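Worth knowing before you read on, the calculation uses all heavy atoms, side chains too, and leaves out hydrogens, waters and symmetry mates. Bear in mind the structure is a predicted one, so any value in this text is a computation, not a measurement.
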Amino acid sequence: MQDRRSGNIVILTGAGISKESGIDTFRDADGLWNKVNIEDVATPEGFARNPAMVHDFYNERRRGLLGDNIRPNAAHAALARLEAEWPGEVLLVTQNIDNLHEAGGSKNLIHMHGEMFKARCEDCHAVHDWREDLSLQTHCPACEAPGGMRPHVVWFGEMPFDMDRIYAALSQCGLFLSIGTSGNVYPAAGFVQEAIFSARAHTVELNLEPSEGATLFAETDYGPATEIVPRYVDKLLAEGW
């Protein structure tokens with residue numbers, strides 16, 4: 001068992017932490033997956049069938065993230081503070097494709113489902129920072145091939161990024177913290193069990209409401225992320241877990 005005041009921490013975040021920053025979640029009653037068909041816009045097959053529609057979907061989302069009203073909230077800031085002040089390692093693993101954790105100050109960060117502000121070439125596999133719209137006429141800045149650029153996001157049926165690093169961190173953590181995630185998308189939904197069985201870690205869920213895997217957690221707290229995350233970080237820095 002790691003020292004409860006200095007052991008390693010792995011934090012998983014989902015769409016719930018960004019909702020109060022004005023970003024739509026996916027699985028709420030008014031979420032994105034109730035407005036579009038997943039198979040059309042979030043699978044390799046959908047992109048192959050109708051790349052223009054997929055580009056339109058992600059172009060709209062990218063433009064939305066560039067709005068002046070989209071800013072990191074108190075929960076993002078609290079996690080950045082935890083990383084800066086905690087004596088051990090704090091690894092933040094996010095399922096979110098927005099950039100609010102970085103904007104809030106987090107540095108040791110894995111975007112397991114990719115990033116909205118990056119684009120990837122399917123011809124040469126180069127990854128580029130990206131703020132503009134994508135289309136079939138877009139040329140790759142590296143190989144100059146047209147038509148091969150796609151959002152640098154993980155679609156259903158594709159492997160999330162940096163899984164080896166994530167599982168290595170889970171096997172060595174003393175605390176696993178899950179924030180704002182529904183608990184029904186794998187492999188992320190299985191991280192709590194990995195932390196328990198591989199590291200005997202203490203596990204905590206902070207969410208608006210209980211997730212599908214809520215009973216797996218040793219400790220839970222429910223409410224808006226901007227309230228419960230800063231409160232838990234204050235407690236963690238003062239007392240450990």
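L12 CG to S178 OG: the interatomic distance, rounded to the nearest 0.5 Å, is 4.5 Å. In this structure, the separation between CG on D56 and CG on N50 is 8.5 Å, given to the nearest 0.5 Å. Rounding to the nearest 0.5 Å gives a distance of 11.0 Å between CG of L206 and OG of S211. R231 CZ to D221 CG: the interatomic distance, rounded to the nearest 0.5 Å, is 4.5 Å. For the atom pair I97 CD1 and H113 NE2, the distance stands at 10.0 Å (nearest 0.5 Å). Atom CD of E144 is separated from atom SG of C121 by 11.0 Å, given to the nearest 0.5 angstrom.
Pairing each heavy atom of F161 with each of H152, the nearest pair is CZ-CE1, 3.5 Å. Shown here for N59 and R62, the closest heavy-atom pair between the two residues is OD1-NH1, 2.8 Å. Among all heavy-atom pairs drawn from G16 and A225, the shortest one is O-CB, 4.1 Å.
L175 and V93 are not part of a single hydrophobic cluster, where members link through side-chain heavy atoms under 4.5 Å apart.
Contact of the R200 side chain with the Q2 side chain is not registered, since no non-hydrogen atoms from C-beta on lie closer than 4.5 Å. Taking the side chain as every heavy atom from C-beta outward, N8 and V90 never approach each other to under 4.5 Å. Using a 4.5 Å heavy-atom cutoff, the side chains of I179 and I11 are in contact. Side-chain contact between L92 and I110: absent, with no pair of heavy atoms (C-beta onward) separated by less than 4.5 Å. Residues M112 and I166 meet the side-chain proximity criterion, which asks for heavy atoms closer than 4.5 Å.
Considering only residues two or more places apart in sequence or on other chains, F117 meets the ring pair (Phe, Tyr, Trp, His ring centres under 6.0 Å) condition with none of them. The ring pair (Phe, Tyr, Trp, His ring centres under 6.0 Å) search around W130 returns none, not counting sequence neighbours. Residues passing the ring pair (Phe, Tyr, Trp, His ring centres under 6.0 Å) test with F191 are Y167, sequence neighbours excluded. Residues satisfying the side-chain contact (heavy atoms from CB on, under 4.5 Å) criterion with E115, sequence neighbours excluded, are E102, H111, K118.
Sequence neighbours left out, not one pair with a member in residues 159-175 passes salt bridge (Lys or Arg N to Asp or Glu O under 4.0 Å).
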Between F217 and N207, is a side chain to side chain contact (heavy atoms under 4.5 Å, CB included) present by the stated rule, with each step listed?
CA-CA 12 Å; F217 291 87; N207 213 353; over 6 Å; no
Could you walk me through whether R120 and M149 satisfy the side chain to side chain contact (heavy atoms under 4.5 Å, CB included) test, starting with their C-alpha distance in whole Å, then the side-chain angles of each, then the deciding distance to 0.1 Å, before giving a yes or no?
CA-CA 6 Å; R120 181 169 83 246; M149 296 294 287; over 6 Å; no
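Between the side chains of T226 and N73, no donor N or O sits under 3.5 Å from an acceptor N or O. Looking only at atom types and distance, the side chain of H101 has a donor-acceptor partner in the side chain of T13 under 3.5 Å away. Side-chain contact check for E205 and T220: no donor-acceptor pair (N or O, by modelled atom type) lies under 3.5 Å. A side-chain donor-acceptor contact under 3.5 Å links E194 and S198.
Without hydrogens or angle criteria, R5 side chain to A238 main chain gives a donor-acceptor distance under 3.5 Å. Using a distance-only test at 3.5 Å, with no hydrogens or angles considered, no donor-acceptor pair links the side chain of Q95 to the main chain of A188. At least one donor-acceptor pair closer than 3.5 Å links the side chain of R71 to the backbone N or O of D68. Without hydrogens or angle criteria, N108 side chain to E83 main chain gives no donor-acceptor distance under 3.5 Å. Put simply, the side chain of N96 gets close to the backbone of A15: a donor and an acceptor are under 3.5 Å apart. Judged by distance alone, with hydrogens and angles left aside, the side-chain atoms of E89 form no donor-acceptor pair with the main-chain N or O of I9 at under 3.5 Å. Formation of a donor-acceptor pair under 3.5 Å by the Y58 side chain with backbone atoms of V41 is found in this model. Within the 3.5 Å criterion, the main-chain N or O of L236 finds no donor-acceptor partner in the side chain of E239. Judged by distance alone, the side chain of E227 and the main-chain N or O of Y222 form no donor-acceptor pair under 3.5 Å. Of the possible donor and acceptor atoms, none in the side chain of S18 sits under 3.5 Å from a partner among the backbone N and O of S21.
Counting heavy-atom neighbours within 6.0 Å of K107 NZ, excluding the residue itself, gives a total of 12 or less. Within 6.0 Å of CZ in R4 there are more than 12 heavy atoms belonging to other residues, nucleotides or ligands.
Between R81 and D234, at least one side-chain nitrogen of the basic residue sits less than 4.0 Å from a carboxylate oxygen of the acidic one, meeting the salt-bridge criterion.
Cluster note: L136 groups with no other residue, as no ILVMFWY side-chain heavy atom lies under 4.5 Å from it.
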